[in-house]
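Heads up: the structure comes next, in structure tokens.
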Amino acid sequence: MLTKRIIPCLDVKEGRTVKGVNFVNLRDAGDAVELGAMYAAQGADELVYLDITATVEGRSTFIDLVRRVAQTINIPFTVGGGISSVADVSALLHAGADKVSINSSAVRNPDLINELSLEFGSQCIVVAIDTRYIETPNGMQHMVHTHGGRKATDLQTIPWAKEVEERGAGELLLTSMDADGTKNGFSLELTSIISGNANIPVIASGGAGNMEHFFDVFTAGKADAGLAASIFHFREIDIPELKQYLADKDIPVRLTR
Amino acid sequence: MYALDRVGATYLYTDDEHEIRTADKVIFPGVGEASTAMAYLKKTGLDLVIPTLKQPVFGTCIGMQLMCRYSEENNTDCMGIFDVDVKRFPATPGLKVPHMGWNNIFNYSTPLTTQLPDNAYVYFVHSYAAPVCEYTVATCDYIQPFSAMLQKDNFYAAQFHCEISGNAGQQIIENFLKL
């Protein structure tokens, strides 16, 4: 049976994991390759590496990191952060990334989604959507945001999700900026609407605080995958334990041990 | 490529007939769309070379589909090593196409699954699949049962991506290299 995926997300700056990690058994908890390998060994189904470096030098450091990750781990991984052209994507895929995630650049230039999916195939193009529920002239609406959720756009989230699919996205990474960091659970209603409308997988992100939240997002939220960062980094949720918990509740997951 | 590095194999990436014919083993991977990939094989003449190879040949993903007779993806005539037609998954409410993610395979009957646990999970990304047929040596189920692996003589194929299928995928690659 096709399984629900658990995806740890690693924010990377100058080749090192940031946002803090708390693993006593790692030689170097900041090493993004070592941390990714450990998650893969624990049964993570996929990894996301987000480059939060802004400098040109950081960019080449990130490509070098992507190459080392590809040489080390044997599960799929997606890379994102500052990708805005066919050339950027080409460099990352050649370095060994399985998928790339684009966000602000897709909002700025939606044709980029078409160009990338034609050039590289839909299967490796993930479109990330950061969304907030805000007051608009037409009442409360789910609106697409950029710049880490700080800047509102004039795009409504639900039609935008359909548009990016039609333009050739292979997967959606939906982050509720309202839920992100709260540990109160994923944004179930919106995730369910978007996943129910979509014929491509939806990765839910933002708000995971406990194991039950993953159960909720895979049932009520209809998500195909659940993504989280700090709760894995700080070992508030252990991946093998999470997967066993979900399996016990009849959620199809890949058990590796 | 990195998957071969991880298992310590020596390889080269080529479309040269002589290099391919003299290799110990041939891996024919691929992502992309069937008609474009088939047009490329025809341009290089490899569409006639691959079916005549004598050493073990392993096609994965679109590589496997091109080894079949025909693909519904843009009505593509393929190499016909496996006498089976590749079809699009039927639209089914609540089940997304592409079939994307980790799914389990079963009913193994190939040396490539030696030491693989029953119901091993492997990673798929595809919208087209070969139905279960006389060459099926591992099955997967999504919407309907389909061929996860095919084998005929020295030709082996997998619909999933061994290189990112965790330890199960790595075991399959190692088994192929040991043939």
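Each chain gets a letter, A, B and so on, in the order the sequences are listed, and its residues count up from 1.
Scanning both residues, A:S195 and B:K96, for their nearest heavy atoms gives OG-NZ, 2.9 Å. Contact between B:Y2 and A:G96 at its shortest, heavy atoms only, is CE1-CA, 3.6 Å. When all heavy atoms of A:R5 and B:M100 are compared, the closest pair comes out as NH2-O, 4.3 Å.
Scanning residues 44-66 of chain B against chain A with a 4.5 Å non-hydrogen threshold yields no residues. Within residues 121-142 of chain B, the residues approaching chain A closer than 4.5 Å by heavy atoms are, in numerical order, B:Y121, B:Y123, B:V125, B:Y142. Heavy-atom proximity under 4.5 angstrom to chain B picks out A:A198, A:N199, A:I200, A:P201, A:V202 from residues 197-207 of chain A. Using non-hydrogen atoms only and a strict 4.5 Å limit, the part of residues 111-125 of chain A facing chain B consists of A:Q123.
Comparing B:D5, B:N103, B:N104 by heavy-atom pairs within less than 4.5 Å of chain A, the highest count is held by B:N103.
With a 4.5 Å cut-off on non-hydrogen atoms, B:Q170 touches chain A through its side chain but not through its backbone. Contact annotation for B:H161: neither backbone nor side-chain heavy atoms come within less than 4.5 Å of a heavy atom of chain A. Neither the backbone nor the side chain of A:A44 comes within contact range of chain B; no heavy atoms are under 4.5 Å apart. For a residue to count as touching a neighbouring chain, one of its non-hydrogen atoms must lie under 4.5 Å from one of that chain's; by this rule A:D45 touches chain B with backbone and side chain alike. Residue A:A40 does not touch chain B at all, counting heavy-atom pairs closer than 4.5 Å.
The closest side-chain heavy-atom distance from B:W102 to A:I75 is below 4.5 Å.
Within a 6.0 Å sphere centred on CD of A:E189, heavy atoms belonging to other residues, nucleotides or ligands number 12 at most.
To the nearest 0.5 angstrom, A:L255 atom CG is 11.5 Å from B:N119 atom CG.
A donor-acceptor pair under 3.5 Å is absent between the side-chain atoms of B:R6 and the main chain of A:N74, judged by distance alone.
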